[in-house]
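In what follows, a structure is listed as structure tokens, so that the remarks can point back to it.
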Amino acid sequence: FPARSFKMPKDAEQMVQQYLENYYDLKSVGEQIGQIGRQRKGSLVVEKLKQMQKFFGLKVTGKPDAETLKMMQQARCGVPDVAA
Amino acid sequence: YVLTQGNPRWEQTQLTYRIENYTPDLSRADVDHAIEKAFQLWSAVTPLTFSKVSEGLADIMISFTRGDHGDNSPFYGPEGDLAHAFQPGPHIGGDIHFDEDETWTNDLRHYNLFYVAAHELGHSLGLSHSNDIGALMYPNYNVNSYDDIQLSQDDINGIQAIYGPSKNPSQPTGRQTPQMCDSKLTFDAITTLRGEVMFLKDRFYMRPGSHYSEPELHYINVFWPNLPNGLQAAYEFADRDEIRFFKGNEYWAVRGTEMLPGYPRSIHRSFGFPRSVENIDAAVFEENTGKTYFFVADKIWRYDEYKQSMDAGYPKQIAADFPGIGNHVDAVFQKNGFLYFFRGRRQYKFDPRTKRVLTLLKPNSWFNC
């Protein structure tokens with residue numbers, strides 16, 4: 001199938017983090033320190049990614065796959081998709 | 001649709017707006033016109049009225065700004081966020097900020113001010129983002145034609161849930177986004193595409209799921225930005241890896257995601273249809289015979305893809321070659337040697353070898369509903 005060519009951005013992880021912070025109320029986890037904080041961050045990102053994928057009608061994987069990253073790169077309204 | 005959390009709304013129905021400054025990308029008249037049209041979209045379906053003021057505070061203050069502009073929601077240069085708006089309320093409530101780092105247009109180039117203003121106004125009035133991809137309140141920018149800039153039924157349902165309907169007796173209706181599991185779903189056209197099947201309806205394609213993917217609904221322009229909306233027929237000429245899309249008396253050809261040059265072409269000049277044929281309802285290429293069947297009203301035409309000419313003896317009544325499927329076809333495709341005809345809310349599985357209808361199916365049977 002002719003899926004449009006897609007170049008994975010170099011800073012994909014940072015882009016996902018920023019997108020979820022902006023539009024999906026993913027709190028900045030910079031202040032969380034240690035293993036528990038990192039685990040918590042990981043599960044929060046997955047949860048928010050699933051939320052985002054469901055909202056946009058994408059396959060809900062909880063992973064930043066090509067379709068998800070492509071959607072994140074589209075120009076959009078700056079109002080968050082979920083209430084802060 | 002989704003209402004803003006807490007259901008904020010304007011208590012008064014007569015609202016004012018003021019355009020605080022103007023983008024240099026457009027004339028002032030163009031900006032005024034785009035903003036006025038955006039307000040009209042929402043006032044047409046609600047009891048709300050909007051009056052422009054040129055001085056002082058208005059309920060909805062509109063401005064073009066860039067970067068950090070003092071509301072804790074900075075813009076970050078071109079692309080990304082185009083604009084934002086605040087929920088109904090005093091002070092900054094209802095206000096709309098457009099990112100001046102974008103290029104604003106009054107045509108189909110990025111980014112159309114009317115479309116973005118209409119979306120932001122939805123927020124100013126109390127709507128949140130909708131996950132209906134065809135709604136104006138969907139968060140991503142997607143304008144391919146002027147037809148795209150109108151309210152969907154989802155937008156209308158949302159705003160009327162807040163403010164009620166307009167008192168105007170003639171109510172505009174919004175466009176519906178196809179729902180894959182709606183048993184009343186009909187299709188404009190269907191084609192195979194390198195082994196998959198693509199169902200077309202208005203601006204959208206629907207692609208059935210497979211063992212590794214969910215059914216998908218998206219804009220046709222994701223794949224082919226230059227195809228018009230509302231295609232009427234399509235078929236795959238697999239030998240050339242080409243898909244041909246028809247609308248009115250014109251057609252376009254694509255290979256993969258590439259639009260082939262030299263299109264649109266005339267169906268009269270290319271296929272030899274008489275001038276009396278103004279559009280094609282459905283088309284399908286039969287691999288075994290190398291023939292393409294075109295369905296036009298209650299008749300079929302048969303085109304030889306290799307001789308590049310219409311076969312003698314055509315047109316015929318549809319029933320002559322395809323008995324049992326009625327006298328009109330909305331869409332048709334071939335898969336695994338069978339033809340699948342769609343007419344209204346019915347789908348017919350047809351065996352071309354025995355010329356018999358094998359099964360009647362719901363039109364959305366391909367979407368695992």
Side-chain angles (χ1 to χ4, degrees), chain A residues 1-31 46-84, chain B residues 2 4-6 73-76 78-87 97-99 102 110-111 116 119-120 122-124 127-133 137-142 180 193-196 198 207 209-210 212-218 222-225 241 243 254-258:
Chain A
F1 197 83
R4 286 167 83 83
S5 60
F6 177 76
K7 197 175 170 188
M8 191 73 78
K10 280 182 193 165
D11 52 353
E13 192 180 339
Q14 192 186 345
M15 189 180 83
V16 169
Q17 173 82 23
Q18 190 65 56
Y19 190 94
L20 297 178
E21 281 179 18
N22 287 354
Y23 308 117
Y24 284 84
D25 198 27
L26 178 70
K27 300 278 185 269
S28 175
V29 289
E31 68 275 15
V46 170
E47 188 185 312
K48 293 291 180 184
L49 264 178
K50 284 182 175 174
Q51 205 175 342
M52 179 260 177
Q53 289 163 333
K54 187 169 180 229
F55 180 89
F56 283 95
L58 301 168
K59 192 178 174 192
V60 179
T61 60
K63 293 174 187 165
D65 49 48
E67 291 298 319
T68 303
L69 291 174
K70 200 161 64 179
M71 187 65 85
M72 287 179 173
Q73 287 178 303
Q74 289 180 10
R76 54 161 291 160
C77 170
V79 171
D81 298 331
V82 296
Chain B
V2 179
T4 304
Q5 196 175 45
S73 300
F75 292 125
Y76 294 98
E79 308 292 330
D81 289 353
L82 306 178
H84 55 228
F86 295 84
Q87 65 184 52
H97 300 158
F98 295 99
D99 185 359
E102 312 301 340
H110 287 187
Y111 290 99
V116 177
H119 172 99
E120 297 307 330
H123 293 309
S124 300
L127 290 176
S128 192
H129 282 148
S130 170
N131 62 4
D132 179 336
I133 193 173
M137 292 314 295
Y138 193 71
N140 284 8
Y141 183 93
N142 199 329
M180 284 188 280
L193 199 169
R194 295 181 175 173
E196 289 199 43
M198 188 171 260
R207 179 181 173 188
S210 64
Y212 61 88
S213 66
E214 299 292 315
E216 183 177 292
L217 168 75
H218 221 295
V222 166
F223 286 111
W224 303 291
D241 187 23
I243 302 178
V254 306
R255 179 169 296 128
T257 53
E258 179 195 0

Working to the nearest 0.5 Å, report the span between [atom1] of [X] and [atom2] of [Y].
{"X": "Asn140(B)", "Y": "Met72(A)", "atom1": "CG", "atom2": "CE", "result": "11.0 Å"}
{"X": "Lys59(A)", "Y": "Glu216(B)", "atom1": "NZ", "atom2": "CD", "result": "11.0 Å"}
{"X": "His129(B)", "Y": "Phe55(A)", "atom1": "NE2", "atom2": "CZ", "result": "7.0 Å"}

* Which region of Met71(A), side chain (C-beta onward) or backbone (N, CA, C, O), has a non-hydrogen atom less than 4.5 Å from a non-hydrogen atom of chain B, or is it both or neither? ->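 Contact with chain B involves both backbone and side-chain atoms of Met71(A).
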
Gln5(B) versus Val82(A): any side-chain heavy-atom pair under 4.5 Å?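 They are not in side-chain contact.
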
ask   = Crowded around Glu13(A) CD? As in, over 12 foreign heavy atoms under 6.0 Å?
value =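 For Glu13(A), atom CD is not crowded (no more than 12 foreign heavy atoms under 6.0 Å).
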
field: Neighbour count >12 (heavy atoms, 6.0 Å) for atom CD, Gln14(A)
entry: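 No, CD of Gln14(A) has 12 or fewer neighbouring heavy atoms, counting only those of other groups under 6.0 Å.
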
Report task. Sequence neighbours left out, what passes salt bridge (Lys or Arg N to Asp or Glu O under 4.0 Å) with Asp81(A)? Give chain and number order. Result ->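 Asp81(A) satisfies salt bridge (Lys or Arg N to Asp or Glu O under 4.0 Å) with Arg76(A) only.
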
Exercise for review: Mind ranking His110(B), His123(B), His97(B) by heavy-atom pairs under 4.5 Å with chain A and telling me who comes out on top?
Suggested key: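 Most heavy-atom pairs within the cutoff with chain A belong to His123(B).
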
Return the minimal non-hydrogen interatomic distance between [X] and [Y], and the atom names on each side.
{"X": "Pro139(B)", "Y": "Phe56(A)", "answer": "CG-CZ, 3.7 Å"}
{"X": "Ala75(A)", "Y": "Leu82(B)", "answer": "CB-CD2, 3.8 Å"}
{"X": "Glu120(B)", "Y": "Cys77(A)", "answer": "OE2-SG, 3.1 Å"}

query = Residues in side-chain hydrogen bond (donor to acceptor under 3.5 Å, both in side chains) with Ser128(B), at least two apart?
reply =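 Once residues adjacent in sequence are excluded, Ser128(B) has no partner under the side-chain hydrogen bond (donor to acceptor under 3.5 Å, both in side chains) criterion.
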
